[in-house]
Amino acid sequence: MTELKLIPNVHRATHRIAMHIARCPGVPVNQGEAHILAHLHEQGESTIAQLHEALEHKRSTLTGILDRLADRKLVARAVDAKDRRSFRIKLTPAGARAAAKIHSHLEEIESEALKGVSPAQLKAFTSLIQRVAQISDLHS
């Protein structure tokens with residue numbers, strides 16, 4: 001049996017990020033919801049297809065997350081004017097406040113983690129983690 005060298009650290013980091021998000025004051029969202037809010041904060045209004053492409057949730061999972069966020073008035077859905085078969089998702093004012101808090105929380109983690117990391121190290125890590133994601137896609 002080969003000892004895993006990469007995956008346990010990715011798992012631990014992901015879990016700890018989720019725990020950090022859960023401690024974000026006044027923002028009662030889970031990890032999946034937080035990532036959608038953070039995406040919308042950074043990218044702005046997005047189609048469901050864009051959210052799916054960015055986060056790779058199963059369509060049913062993404063729909064469930066969006067339903068919960070809409071029920072809590074954190075996002076709003078509107079028919080896409082360019083494609084009436086699709087919806088655009090945007091943050092509500094309450095959602096924008098929550099997303100800003102989440103983004104700030106994630107910025108803190110990233111800023112601390114990147115202290116002393118060279119651009120070359122960041123590039124190598126980014127390349128490696130993207131490769132893990134691509135390989136995972138091929139095997140799903």
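Heavy atoms only: backbone and side chains are in, while hydrogens, waters and symmetry mates are out. Remember, predicted model here, so these are calculated numbers, not experimental data.
- Applying the ring-ring contact (aromatic ring centres under 6.0 Å, His included) definition to pairs two or more places apart or across chains, those involving residues 18-53 are His20-His105, His41-His103.
- In this structure, CG in Leu74 is found 8.5 Å from CG in Leu91, a value given to the nearest 0.5 Å.
- Of all heavy-atom pairs spanning Val75 and Leu37, the tightest one is CG1-CD2, 4.1 Å.
- Thr14 places a side-chain N or O within 3.5 Å of a backbone atom of Val10 that can act as its donor or acceptor partner.
- With sequence neighbours left out, the side-chain contact (heavy atoms from CB on, under 4.5 Å) criterion links Ser111 to no other residue.
- Taken from CD in Gln31 to CD1 in Ile36, the straight-line distance is 11.5 Å, to the nearest 0.5 Å.
- Rounded to the nearest 0.5 Å, atoms CG (Leu62) and NZ (Lys58) are 12.5 Å apart.
- Under the salt bridge (charged side-chain N to carboxylate O under 4.0 Å, His left out) criterion, Arg68 pairs with Glu33, not counting sequence neighbours.
- With sequence neighbours excluded, no residue forms a salt bridge (charged side-chain N to carboxylate O under 4.0 Å, His left out) with Arg16.
- Within the 4.5 Å cutoff, the side chain of Ile89 has no heavy atoms near those of the Leu69 side chain.
- Residues forming a salt bridge (charged side-chain N to carboxylate O under 4.0 Å, His left out) with Arg97 (at least two apart in sequence, or on another chain): none.
- The local environment of CZ in Arg131 is sparse, with at most 12 non-hydrogen atoms from other residues, nucleotides or ligands closer than 6.0 Å.
- In terms of heavy atoms, Ala34 sits closest to Val29 at CB-CG2, 3.9 Å.
- The CD1 atom of Ile65 sits 6.5 Å away from atom CG of Asn30, with the distance rounded to the nearest 0.5 Å.
- A distance-only check finds a donor-acceptor pair linking the side chain of Thr126 to the backbone of Leu122 [under 3.5 Å].
- With rounding to the nearest 0.5 Å, the separation of CD in Gln130 from CD1 in Ile135 is 12.0 Å.
- Proximity of a side-chain donor or acceptor of Gln121 to a complementary backbone N or O of Ser118 within less than 3.5 Å is detected.
- With hydrogens and angles ignored, the 3.5 Å screen pairs no side-chain donor or acceptor of Ser127 with any backbone N or O of Lys123.
- Listed for the Gln50 side chain is a donor-acceptor partner under 3.5 Å among the backbone atoms of Thr47.
- Here Asp67 does not pair with Arg72 in a salt bridge; the nearest charged N to carboxylate O distance is not below 4.0 Å.
- With sequence neighbours left out, Glu3 forms a salt bridge (charged side-chain N to carboxylate O under 4.0 Å, His left out) with no residue at all.
- In terms of heavy-atom proximity, Leu4 sits nearest to Pro8 at CB-CD, 3.6 Å.
- Cluster annotation: Ile7 is connected to Phe125 through the hydrophobic network of ILVMFWY side chains, with a link wherever side-chain heavy atoms come within less than 4.5 Å.
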